[in-house]
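Following: one structure in structure tokens, then a few remarks.
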Amino acid sequence: MSKKSKRILNLALLVVWLIVIFMYSSQPGEESSEKSQLVIDIFSYIGIDLNSTLGSMTSFVVRKSAHMTEYFILCFLTYRVLRGYSLKNAQWYGVIFSFLYASTDEFHQTFIPGRTGCFQDVLIDTTGALIFALFITLVIRVRYNKSKTVKGKL
């Protein structure tokens, strides 16, 4: 695959993911809660009873974990787009982009019945992005140190 094709594919994946987040945020509160319950039911079906483990916090934990996962993926996809342009520290720009998108997403939710915009959710979303950025930074440093060690032995 050519470099240009990879750039287009990465950008397309990012745009699709932005649309997915927007669509989930456009669901009324009741519909969103039903999806959280579905996740809890799936875990229960495979033998993991989240309700007995987390009690009344189950729905909250499932919803906030979904937020973090959405924005972990968003930061990853943003990183792939920016890395395609050889942008140094692309993962940290991905965190900034994720924070900004999370902010607009929470504002968007203030117009949806049964939903509210909450800065706490922006912070949770950004935490997902930060987890990705820290992970990829660690991977980059380990690879750099490994290549440095191999070159030093030659």
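We number each residue from 1, following the sequence as shown. Basis for what follows: all heavy atoms, side chains included, without hydrogens, waters or symmetry-related copies.
A heavy-atom distance below 4.5 Å is found between the side chains of Leu18 and Leu74. By the 4.5 Å heavy-atom criterion applied to side chains, His108 and Asp105 are counted as neighbours. At least one side-chain heavy atom of Glu106 sits under 4.5 Å from a side-chain heavy atom of Asp125. Between Phe60 and Arg63 the shortest side-chain heavy-atom distance does not fall below 4.5 Å. Side-chain atoms of Ile140 and Arg143, non-hydrogen and from C-beta on, never get closer than 4.5 Å to each other.
Counting Ile, Leu, Val, Met, Phe, Trp and Tyr side chains that sit under 4.5 Å apart, directly or through other members, Val142 shares a hydrophobic cluster with Leu138.
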Exercise for review: Check the pair Asn51 / Ile40 against side-chain contact (heavy atoms from CB on, under 4.5 Å), numbers first and verdict last.
Suggested key: CA-CA 8 Å; Asn51 285 319; Ile40 295 166; 3.8 Å; yes

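Summarising the geometry, atom CD1 belonging to Ile124 is positioned 8.0 Å from atom CE belonging to Met68; distances are rounded to the nearest 0.5 Å. Annotation: the span from Thr78 atom OG1 to Leu11 atom CG amounts to 10.0 Å, rounded to 0.5 Å. Atom CH2 of Trp17 sits about 15.5 Å away from atom CZ of Phe22, to the nearest 0.5 Å. Note that CD1 of Ile42 is 11.5 Å distant from CD1 of Ile48, once rounded to the nearest 0.5 Å. Note that the NE2 atom of His67 and the OG atom of Ser25 stand 7.0 Å from one another [nearest 0.5 Å]. In this structure, OG on Ser26 lies 11.0 Å from CD1 on Ile19, to the nearest 0.5 angstrom.
Hydrophobic clustering keeps Met23 apart from Phe107 (ILVMFWY residues linked when any side-chain heavy atoms are closer than 4.5 Å, directly or through intermediates). Leu9 and Val20 fall within the same hydrophobic cluster, where Ile, Leu, Val, Met, Phe, Trp and Tyr residues are linked whenever their side-chain heavy atoms come under 4.5 Å apart, directly or through other members. Hydrophobic clustering of Ile, Leu, Val, Met, Phe, Trp and Tyr side chains at less than 4.5 Å, counting indirect connections, unites Val15 with Ile73. Note on Phe132: it clusters hydrophobically with Leu13, by side-chain heavy-atom contacts below 4.5 Å among ILVMFWY residues. No continuous path of hydrophobic side-chain contacts links Leu130 to Leu100 [ILVMFWY only; heavy atoms under 4.5 Å].
Minimum heavy-atom separation, Lys6 to Met1: CG-SD, 3.5 Å.
Note on ring orientation: taking the six-membered ring where Trp is involved, the planes of Tyr71 and Tyr101 are tilted (angle from 30° to 60°).
At a cut-off of 3.5 Å, with distance as the only test, no side-chain donor of Ser44 or Asp49 sits close to an acceptor on the other residue.
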Under 3.5 Å, which donor-acceptor pairs link side chains of residues 81-98 to any protein atom two or more places apart or in another chain?
| residue | atom | partner | partner atom | Å |
| --- | --- | --- | --- | --- |
| Gln91 | NE2 | Thr137 | OG1 | 2.8 |
| Ser98 | OG | Gly94 | O | 2.8 |

